[in-house]
Structure formats: C-alpha cells, structure tokens
Protein chains: 2
Amino acid sequence: MSHLGYSCLMAIDRDHVLRSAAALLTRRSTATMDEVAKAAGISRATLHRHFAGRDALVRALEQLGIAECEGALDRARPEEGPAAEAVRRLVREIQPAAGLLSFLYGENQLWEGDGLNEGWQRLDARIGALFQRGQRAGEFRIDLSPVWLTEALYGLIASCAWATLDGRVASRDFPTMIAELLLGGALRREEP
Amino acid sequence: MSHLGYSCLMAIDRDHVLRSAAALLTRRSTATMDEVAKAAGISRATLHRHFAGRDALVRALEQLGIAECEGALDRARPEEGPAAEAVRRLVREIQPAAGLLSFLYGENQLWEGDGLNEGWQRLDARIGALFQRGQRAGEFRIDLSPVWLTEALYGLIASCAWATLDGRVASRDFPTMIAELLLGGALRREEP
DNA sequence: CCCAGATGAGACATTGACGTCTCATTCTGG
DNA sequence: CCAGAATGAGACGTCAATGTCTCATCTGGG
C-alpha cells in the first residue's frame, strides 16, 4: 500500500523543511521556492514532493503557527492566577514562534479571502477571553476592548520580532518589552 | 523647453494617482499596476508616464508617507507641554496616514537593502526624542527604551489601521485605542 | 545482492506581471 | 481654429517564478 502514501522518513523531514522555511521566510518573506529548498538542504523537486506548491507551503506554515500558538497558550495556563501574570507567561511561551507569526501576519493572502482559517478564530477567542477575565476581575481597564488588546498583542509581537531581527531590541528582552508595554504602558507608575 | 519636462497638469494628477494607489494598496498590497491604474481612473500607459515602474511608485509612496509623518509630527508640536499629551496629539495627527503607513510597514523591499531612506531615520530620531524627553521629565518609565517605544508605536498604528479596515475597531476610536494602550497599558490604574 | 522508494539535477512549458512601443483620439492654450 | 501635449487602448516582447517531467543515482531493508 506504500504507493498511496509516504514513508515515515518523509514525516520527520517534512517538519524540518517546514521549520527551515519558517526561518528563511521570517527574514525574506518573498524568498523563492528555490531558496526555500536550498535553505532546507533539499532540491526543489523534493520540496514539491512535500508541498504541492507555494500556496500549500504557506498554508502548512499557517497550520504550524496556529499549533505553536495553541501550544504556547496551553502552557501559559491562561485561566490560572492573575490575568497579568498569565499574559506574561503567554508572551514568554510565544517568543519562539514570534518570527513565524510576524511572517504570517504580513501574508495578506491568508486574510483577504473569506477562507479565514478557523484556527485563528479559536486563538482570538481564547486570548480575548483572557483579557476579558482580567477586566471582570478588575485587573484590566475596561475602556480598551478585548478585541483591540488581542490585536495589539499580535502587532507588538510582530514589531518586536522584526526589531529583534534587526538588532534594535535584544532577544532576551523580548518578553519584558512586550508584556510590560502591553500591561503597564509607557507612563511611569505612581509611587505607592 | 516643454519637451524636457511635464506640464503643470501632470503635477496635480500625480498627487491624485499617488493617493489612489495608497488607498488601494492599503487594502491589497499585491495589487497589479493594472489595478492601480484603474483605481486612479487612468490607463496603464499614463501610469507609466508618471512613475517609471512599480518600484518607482512604491518609492514615491514611501516619500509621501515620510512627508505625511513629518507633517503630523510638526503639527503635534512634540516639544511642547507634557510628553504624554504630545504623544496623543501625534497619534491623532497621524491617523489619516495610518493606512499608507501600514502598507509601507509590510513592504519588506524598503527595509532589507542597505539603501534605507534617511527620512525614516529622521522620523525615528524625532519620535525617539519625544519619548526620551518624557523619560527625562519623569513622565515615562525608563525600563522601556525610546527605540522600542518608537517601534511599538509603529506596530500599534499598523495593527489598528488593519483592524479598522476589517471593522474590528471603529475608525473614531483609533487615536484613543493607540494612545491609551501605548501610554497607560492594559492594567487598571490605582485610584488616587 | 537486489529492488523499491526517495532524492538530486536539470530540462521544459506555462503563467502572470512588467515595461515598451505605436497610433488614433482628446484636450488645451494661444 | 490649430498645433502641440496628453491620454487611452492595446499589441508586443521580456523575464522571473512556478509547476511538471524525466532520468541517473543513492540508500536501506529483505
């Protein structure tokens, strides 16, 4: 029956190819299929055996990004403890996927059609619920909607990932910069 | 001598074409030269008489974006009064250019080469100076660098412009959402 | 050893966007 | 009204990326 599917060898390779592509496209989102193949250390023919075309590759990266986000969200335990601490945990857990996310964020092809992947909606709902929980608990202000806070979180992640690649922000500061700005803002807190 | 240049008529048209292109590319950043021409109500031939090619068009849009930002910065009087108020004025003044900026923000072609337009460096310096002024005055916290605050401002503008296009954020809330999040953060302030 | 599956290298056609060109038509200022 | 400038429509040619195909080679399990 093996003529119908792929051997187990291709499964592990596929993941490696996917991650190489993510790393490359994070830097140069317009990279050629040729460059993607080279970056993964395989030939263009083999790349096409894994992914039917560029579109399929981008869709697979989208799935990977969604899966990484959901994993990060799971590990962050968003229902547990103060909402602010949960946000800090989430940002910390999501950092490894930030590059991939910033690539996907700029891939308009994923957003303009009506075929919006429901994975993003699930994520939006879960992150929005976290912010809402913080509002209900009196931790977060209520004049910024959960939807906007979620959107702003994505935007800050993409910004910081890009600034990190350019060396304008140190990689080790990533979680602090995002979480502190998102939670506390630029204004200095009153002394207690 | 008119065979060497263009009549004054093309000058006003050029601006109209530029703004039509900005409006279209804000929505579909991969729009064709054909679509750009149609959106401006002119033929592709005429579009090429104004801009040598797609690259020239993008560069012209970059110049327009820089000019709009510098104008907004001038009108916001960043040296005047409390830094937080200056930031609020800046965000309000920059809103009309937000769509164009979010397009430019995603145009990697502008950033990856070493031919970075010095206009952006001027803007970075001016906005960074505003945040630094706030830090020196004790208004802003010092654990978030001016460079990062500037980057975050760009990111929030792009996020909010995009969310506005999709109807997830109301256009009239744009200045408040950005300025309040950037300045105050999501955490509820202590009652004084 | 042998063979099926996987790979690499490369040729090939296709496609979509781009840039250039021509020519008839329209507009405009004198 | 008229000459020159500007425009629209469209026909090309070009080019880079893509997707498909073939064939020689490699590899690992039986």
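Proteins get letters first, then strands, A, B, ... in listed order; numbering begins at 1 in each. Worth knowing before you read on, the calculation uses all heavy atoms, side chains too, and leaves out hydrogens, waters and symmetry mates.
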Worksheet item: Taking the side chain of B:A45 as heavy atoms from C-beta outward, which of D:dA9, D:dG19, C:dG19 is closest to it?
Response: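 For B:A45, the side-chain atoms sit closest to D:dA9.
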
Worksheet item: Of the nucleotides D:dG8, D:dT18, C:dG19, which has the atom closest to the B:M33 side chain?
Response: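 The nucleotide sitting nearest to the side chain is C:dG19.
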
Figure out the [atom1]/[atom2] separation between [X] and [N], and round it to whole Å.
| X | N | atom1 | atom2 | answer |
| --- | --- | --- | --- | --- |
| A:E35 | D:dA17 | CD | C1' | 11 Å |
| B:L57 | C:dA17 | CG | P | 16 Å |
| A:H48 | C:dG10 | NE2 | P | 16 Å |
| B:Q109 | C:dC18 | CD | C1' | 14 Å |
| A:L47 | C:dA6 | CG | P | 16 Å |
| A:R14 | C:dT7 | CZ | C1' | 18 Å |
| A:R44 | C:dC12 | CZ | P | 14 Å |
| B:D55 | C:dA17 | CG | C1' | 15 Å |

Practice prompt. Locate the shortest heavy-atom distance separating A:A76 from A:A86; write the atom from each residue and the value.
Written response: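 In terms of heavy atoms, the two residues are closest at CB-O, 4.3 Å.
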
Worksheet item: Which heavy atom in B:L25 sits nearest to a heavy atom in B:A31, and how many Å separate them?
Response: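 Residues B:L25 and B:A31, closest heavy atoms: CD2-CB, 3.9 Å.
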
Item to complete: Would you state whether a donor and an acceptor, one from the side chain of B:R49 and one from the base of D:dG8, lie under 3.5 Å apart?
Response: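 For B:R49, whose side chain was compared with the base of D:dG8, there is a donor-acceptor pair (under 3.5 Å).
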
Item to complete: Could you tell me whether A:I142 atom CD1 has more than 12 heavy atoms of other residues or ligands within 6.0 Å of it?
Response: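 Not buried by this count: 12 neighbours or fewer within 6.0 Å.
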
Worksheet item: In this structure, are over 12 heavy atoms from other groups packed under 6.0 Å from B:R136 atom CZ?
Response: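 12 or below, so no.
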
Worksheet item: Any side-chain N or O of B:S43 less than 4.0 Å from the OP1 or OP2 oxygen of D:dT7?
Response: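 For D:dT7, neither OP1 nor OP2 has a side-chain N or O of B:S43 closer than 4.0 Å.
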
